[in-house]
There are 2 protein chains.
Amino acid sequence: MAKAKNQNPDYEKMLRKAGVRITRPRRIILGILSGAGDHPDALEIFRRAVAVDGSISLSTVYRTMKLMEGMGAIHRHAFEGGPSRFEQAGGEHHDHLIDIESGDVIEFKSDRIEQLQDEIAKKLGYDIVHHRLELYGRKRRTAG
Amino acid sequence: MAKAKNQNPDYEKMLRKAGVRITRPRRIILGILSGAGDHPDALEIFRRAVAVDGSISLSTVYRTMKLMEGMGAIHRHAFEGGPSRFEQAGGEHHDHLIDIESGDVIEFKSDRIEQLQDEIAKKLGYDIVHHRLELYGRKRRTAG
DNA sequence: ATGCAATTGCAAATCGTTTGCAAGAAGGAC
DNA sequence: GTCCTTCTTGCAAACGATTTGCAATTGCAT
């Protein structure tokens with residue numbers, strides 16, 4: 001019953017092909033993102049990585065995040081004030097609903113909204129390169 | 001033909017009523033936001049404020065921004081990486097299209113999108129407290 | 001005008017993130 | 001497997017944006 005979010009597109013192969021060395025820290029960090037069902041920030045990734053290999057440094061986590069972001073292997077999210085949070089790329093595009101009480105992130109998708117965004121941009125004379133749609137909400141009290 | 005974006009809801013009165021002292025720095029800063037047609041960041045507001053009164057400090061700009069944000073008199077936007085940018089509140093709600101080449105911000109509004117957002121949140125069991133919709137785009141080359 | 005609490009400017013502190021550098025690994029050539 | 005070059009790493013120091021402690025100053029109710 002584990003939340004299997006794992007469609008691991010074998011990043012190691014892709015990265016090596018792109019001329020990126022697969023080092024021990026990188027393998028560990030990538031593995032963590034790959035298995036994460038949440039959207040951890042750099043410090044949290046660092047904690048999880050250290051649990052596997054105590055010698056990994058926070059700098060390496062940041063450097064790896066930046067590298068992977070550049071390669072398109074992960075997505076960086078800057079939710080409300082807090083630090084950047086990361087998520088493995090590869091899945092379908094989606095937006096986020098952030099629970100302002102717990103910080104939990106729920107993913108959702110709306111083709112209709114995407115379509116409307118395109119129309120708006122077009123009307124304004126722009127081509128959308130990317131967008132950000134975040135809903136900040138509070139769990140509805142289940143009427144008791 | 002100036003871009004009059006000025007529906008100045010007499011913040012001084014509102015603020016004083018809320019027990020906030022109207023000091024010289026605050027009056028100047030509020031005036032700047034009120035007359036701004038753009039979305040300046042703290043440093044830019046500071047620059048404009050210093051041009052009026054050389055003794056104003058950056059700390060005061062930050063403190064005033066935080067205070068006014070709390071009072072609902074301004075909105076804070078954290079676009080892509082950069083520092084927070086501010087805008088006087090009071091106008092109608094709108095979202096933003098950011099020109100990734102110039103940094104210019106264009107405001108737009110879509111009731112349809114807002115409505116869809118509400119539906120999505122409701123379906124997920126949440127009440128939206130606020131949201132953020134930003135389109136990052138590039139000016140379409142006017143086919144010549 | 002007077003007094004006290006709220007506000008300020010300044011400098012130092014903080015947070016998240018980046019960077020210089022010397023030591024240490026990755027992986028192609030042999 | 002061994003060697004070599006180059007890329008990566010960990011560390012500590014630097015960074016940019018923002019916040020804070022503090023003593024001096026100001027707003028404004030009286």
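Just so it is clear: chains get the letters A, B, ... in the order the sequence lines come, proteins before strands, and each one is counted from 1.
A:Phe46 has its CZ atom 14 Å from the P atom of C:dT17, to the nearest Å.
Comparing B:Asp41 and A:Thr60 against DNA chain D, the residue whose closest nucleotide sits nearer the 5' end is A:Thr60.
A:Ser84 has a side-chain polar atom (N or O) that falls below the 4.0 Å cut-off from OP1 or OP2 of C:dT17.
Of all nucleotides in DNA chain D having an atom under 4.0 Å from a heavy atom of chain B, the first and last in 5' to 3' order are D:dA17 to D:dC28.
Nucleic acid contact for B:Arg26: sugar-phosphate only, since backbone atoms but no base atoms lie under 4.0 Å from a heavy atom of the residue. Note on B:Ile56: only backbone sugar-phosphate atoms sit closer than 4.0 angstrom, heavy atoms only; bases stay farther off.
Listed for the A:Arg26 side chain is a donor-acceptor partner under 3.5 Å among the backbone atoms of A:Arg21. In this structure, A:Tyr136 contributes its side chain and A:Phe79 its backbone to no donor-acceptor pair below 3.5 Å. Looking only at distances, a side-chain donor or acceptor of B:His94 sits under 3.5 Å from a matching main-chain atom of B:Glu92. A donor-acceptor contact shorter than 3.5 Å is absent between the side chain of A:Thr60 and the backbone of A:Ile56. Looking only at distances, no side-chain donor or acceptor of B:Arg140 sits under 3.5 Å from a matching main-chain atom of A:Gly125.
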- Base-contact (B) and sugar-phosphate-only (S) positions in nucleotides 25-30 of chain C, heavy-atom cut-off under 4.0 Å, - elsewhere: BBS---
- Query: Can you list the steps and then say if A:His130 with A:His75 is a ring-ring contact (aromatic ring centres under 6.0 Å, His included)?
  - Reply: CA-CA 12 Å; A:His130 67 283; A:His75 291 311; over 10 Å; no
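Looking at A:His39 and A:Glu107, their side chains do bring a donor and an acceptor atom within 3.5 Å of each other. Using a 3.5 Å distance cut-off with no hydrogens or angles, the side chains of A:Glu87 and A:His77 do pair a donor with an acceptor.
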